[in-house]
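Along the sequence shown, residues carry numbers from 1.
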Amino acid sequence: MGLLRLSVLFLFFSISRGEISSQVGINYGQLGDNLPSPKQSVKLIQSLGAKRVKIYDANPDILNALKDTNLQVSIMVPNQLLTNISTNQKLADSWVESNVVPFYPKTKIRYLLVGNEVISSSPKETWYSIVPAMRKLKNSLKIHSLNKIKVGTSMAMDVLESSFPPSNGTFRSDIAGPIVKPMLQFLSRTKSFYFLDVYPYFPWSSEPKNINLDYALFESRTITYTDPVSNLTYTNMFDQMVDSVVFAMKKLGYPDVRIWIAETGWPNAGDIDQIGANIYNAATYNRNAIKKLTAKPAIGTPARPGWVLPSFIFALYNENQKPGPGTERHFGLLYPNGSNVYGIDLSGETPDSDFEPLPKPDNNEPYKGKIWCVAARGVNASELGSALSYACSQGNKTCDPIQPGKECFKPDSLVWHASYAFSSYWSQLKQTGATCYFNGLATQTAKDPSFGHCKFPSVTL
C-alpha cells in the first residue's frame with residue numbers, strides 16, 4: 001500500500017511538472033545567401049542527431065521539408081507583426097490559419113514563439129504588445145484545436161537589472177510589472193516555458209581577467225562560486241546565468257515556471273579583436289553543454305536540481321548575412337556547404353574521443369596591437385560606393401585625406417578610398433559602438449594598409 005501511494009505521488013509530481021524530454025534541438029537561421037535548401041538542411045539537422053528544430057519565422061518551404069520527419073518544430077511570429085496582432089483577434093486567427101493549420105500535424109509544430117528578443121531588439125512601444133499577442137494567438141490555436149502547441153517568447157539576459165550573485169537576479173524595473181509579470185502569469189496558466197537565450201561567451205569575453213575560461217566552458221574541475229545569500233555552489237557560468245532568471249521569476253511570485261534554453265552556443269571565429277572565438281572553444285562548450293542537457297537523470301541547476309532543461313543549440317550554419325561583429329556570423333555547427341565546423345552529436349551519444357582532434361586555440365588572450373578596417377575582397381562596387389559615402393558623412397573630417405590633391409587620394413580607386421574611409425570611421429567611432437562590417441563590405445586586418453605619405457587611421461588594443 002505504501003509503495004502504491006509513493007507511485008501515485010510520483011505520477012502526480014511528474015504530471016504537475018509537465019515532464020518533457022531532455023533531447024537537444026538546433027536553431028535553424030536563414031540569414032545567409034549561400035545556404036543549402038530546406039530539404040538538404042533537414043537532412044543535415046537529422047544527421048546531427050537533433051530531435052527538435054527552431055526557425056525564426058514560419059517559412060512554408062522549411063515547414064514542408066519537415067513533414068513526416070518526427071522532428072519537433074518551433075516556429076515564430078516576426079517582431080514587426082506583434083503590435084497589429086495584439087489588438088486584432090482576426091489577424092491572429094489569419095496568421096495561425098496561414099502558417100500553422102496547413103502544416104499540422106504532419107509537421108510536428110509544438111511551440112509558437114511570439115517574437116524574438118523583442119525587448120532587446122524592438123522599439124519600446126512593441127514591448128507592450130508581447131503578452132496581448134501571446135493571448136490572441138493562444139486563442140487562435142484553441143479555435144483550431146491545436147492544444148499541443150505551447151506559446152511563448154524568447155528573452156535575452158539583458159531583461160535583468162541584476163544577475164550577480166544569482167540570488168540577486170531581478171527583472172528590470174521598467175518591464176517587471178507591466179510586461180514580465182503578466183507574461184509569467186500567462187506561461188504559468190498555459191503550462192508553457194520561459195524561453196531564455198544564454199551565452200556565457202559574452203560575460204566571459206567582456207571580463208576575461210575576472211571570469212575563468214574553463215568556468216565558462218563547463219571545463220572547470222576546481223573553480224567554484226558559492227552564492228553568499230542562497231549558499232548554492234556553482235561550477236559553471238551557464239548555471240549562474242540560468243539561476244539568476246529563476247530567482248528573478250521567484251521575486252515576481254512565479255517560482256515554478258519552467259525554463260527552455262531557446263539559444264546557447266559559442267562562436268567558432270570572429271574579428272581580430274574578439275577574444276576566445278575559435279573552433280576549440282566552440283566545440284568544447286557545445287559538447288559539454290549537450291552532455292549536461294541530455295544527462296539522465298537530469299542534472300538541472302543548483303536552484304533547480306533534477307529539472308530538465310530542454311534546449312536549442314545556436315546555430316545550424318555560419319550565416320554570412322548576420323549584421324554586427326564577426327562572431328555573429330560564426331556560431332554555426334556547419335559551414336554553408338554542409339560540412340562540419342567540428343564534430344558534434346546533439347543526441348549526446350558520441351564520446352568526445354570519437355571526434356577528430358580540435359585545432360589549438362590561438363586567441364584566448366586579448367589581441368594587442370593595431371587593427372585596420374578595409375574593404376573586403378570581391379564586393380559589389382555600387383554597394384561599396386554607398387558605404388564609402390556613408391562613412392565619409394560620419395565623424396569629424398573622416399575622409400579629408402582622400403579628397404583630390406590630398407595625401408591619400410588615388411584617382412579611380414574605389415577600394416582604396418573605401419578602405420581609408422572605413423578605417424577612419426571605425427577608429428573615430430568604435431568607442432560609441434561602431435563596427436567594422438558595413439553590411440559585409442568591410443573586414444578587419446592586422447596588416448597596415450598605409451602607403452607612402454598616406455597613413456591609415458587604426459584602432460589600437
For D239 and P302 the tightest heavy-atom approach is OD2-CD, 3.6 Å

Could you verify whether a donor N or O on one side chain and an acceptor N or O on the other, from D362 and Y280, lie under 3.5 Å apart?
no

Shortest non-hydrogen separation from P200 to W266 and the atoms involved:
C-CZ3, 4.2 Å

Just how far is it from atom SG of C436 to atom CG of L429, taken to the nearest 0.5 Å?
12.5 Å

P36 versus Y28, closest heavy-atom pair with distance:
O-OH, 4.4 Å

Have T233 and T226 got a donor and an acceptor in their side chains that come within less than 3.5 Å?
yes

Show your reasoning for whether side chain to side chain contact (heavy atoms under 4.5 Å, CB included) applies to W307 and T301.
CA-CA 7 Å; W307 285 51; T301 65; over 6 Å; no

Is there a side-chain contact between N340 and L48 (heavy atoms, below 4.5 Å)?
yes

Between F355 and Y342, is the gap from one ring center to the other below 6.0 Å?
no

Any side-chain heavy-atom pair from N320 and P336 closer than 4.5 angstrom?
no

Flag the pair T445 / I371 as yes when at least one side-chain heavy-atom distance between them is below 4.5 Å, and no otherwise.
no

Output for pair (I259 CD1, S311 OG), nearest 0.5 Å, gives 12.5 Å

My understanding is that only one of W426, W372, Y420, F422 makes a ring-ring contact (aromatic ring centres under 6.0 Å, His included) with F456; could you say which?
Y420

Is there a donor in the side chain of N281 and an acceptor in the side chain of N364, or the other way round, less than 3.5 Å apart?
yes

Student check: side-chain heavy atoms of N27 and Y56 closer than 4.5 Å
yes

Mark yes or no for whether K67, through its side chain, and F103, through its backbone, hold a donor-acceptor pair below 3.5 Å.
no

Testing the 3.5 Å rule here: is there a donor-acceptor pair between the side chains of N116 and N79?
no

Do V245 and M155 touch side chain to side chain, with heavy atoms closer than 4.5 Å?
no

Step-by-step side chain to side chain contact (heavy atoms under 4.5 Å, CB included) determination, R172 to E161:
CA-CA 4 Å; R172 283 168 25 193; E161 198 164 78; 4.2 Å; yes

Would you sort out whether Q30 and I62 count as a side chain to side chain contact (heavy atoms under 4.5 Å, CB included), showing the intermediate values?
CA-CA 10 Å; Q30 304 154 58; I62 295 176; 3.4 Å; yes

Will you find, in the side chains of E328 and Y437, an N or O donor that is under 3.5 Å from an N or O acceptor?
no

Do F218 and R287 have side-chain heavy atoms sitting under 4.5 Å apart?
no

Inter-residue atom distance N231.CG - S167.OG, 0.5 Å rounding:
9.0 Å

Once rounded to the nearest 0.5 Å, what's the spacing between atom CG of N236 and atom OH of Y225?
14.0 Å

Heavy-atom pair of closest approach, residues S423 and P457
CB-O, 3.4 Å

Distance-only donor-acceptor check, side chains D273 and Q444, under 3.5 Å
yes

Nearest heavy atoms of V257 and S188, plus distance in Å
CG2-CB, 4.1 Å

Short question: side chain of T107, backbone of L63 - any donor-acceptor pair under 3.5 Å?
yes

Test log, rule side chain to side chain contact (heavy atoms under 4.5 Å, CB included), inputs Q23 and Q72:
CA-CA 10 Å; Q23 295 163 331; Q72 290 191 359; 5.6 Å; no

Flag yes if more than 12 heavy atoms outside K39 fall under 6.0 Å of its NZ atom; otherwise flag no.
no

Could you tell me if the ring centre of Y111 sits under 6.0 Å from that of F312?
no

With a 6.0 Å cut-off on ring centres, are F438 and Y425 close enough?
yes

Under the criterion side-chain contact (heavy atoms from CB on, under 4.5 Å), which of N363, L358, N268, T284 is the partner of N278?
N363

Is the closest side-chain heavy-atom distance between K148 and Y104 below 4.5 Å?
yes

What pair of heavy atoms forms the shortest contact from P182 to G177, and how long is it?
CD-O, 3.2 Å

Between E207 and N210, a side-chain donor and acceptor under 3.5 Å:
yes

Only residue of Y317, Y285, Y199 satisfying ring-ring contact (aromatic ring centres under 6.0 Å, His included) with F331 is Y199

Should we say atom NZ of K455 is surrounded by more than 12 heavy atoms from elsewhere, each under 6.0 Å from it?
yes

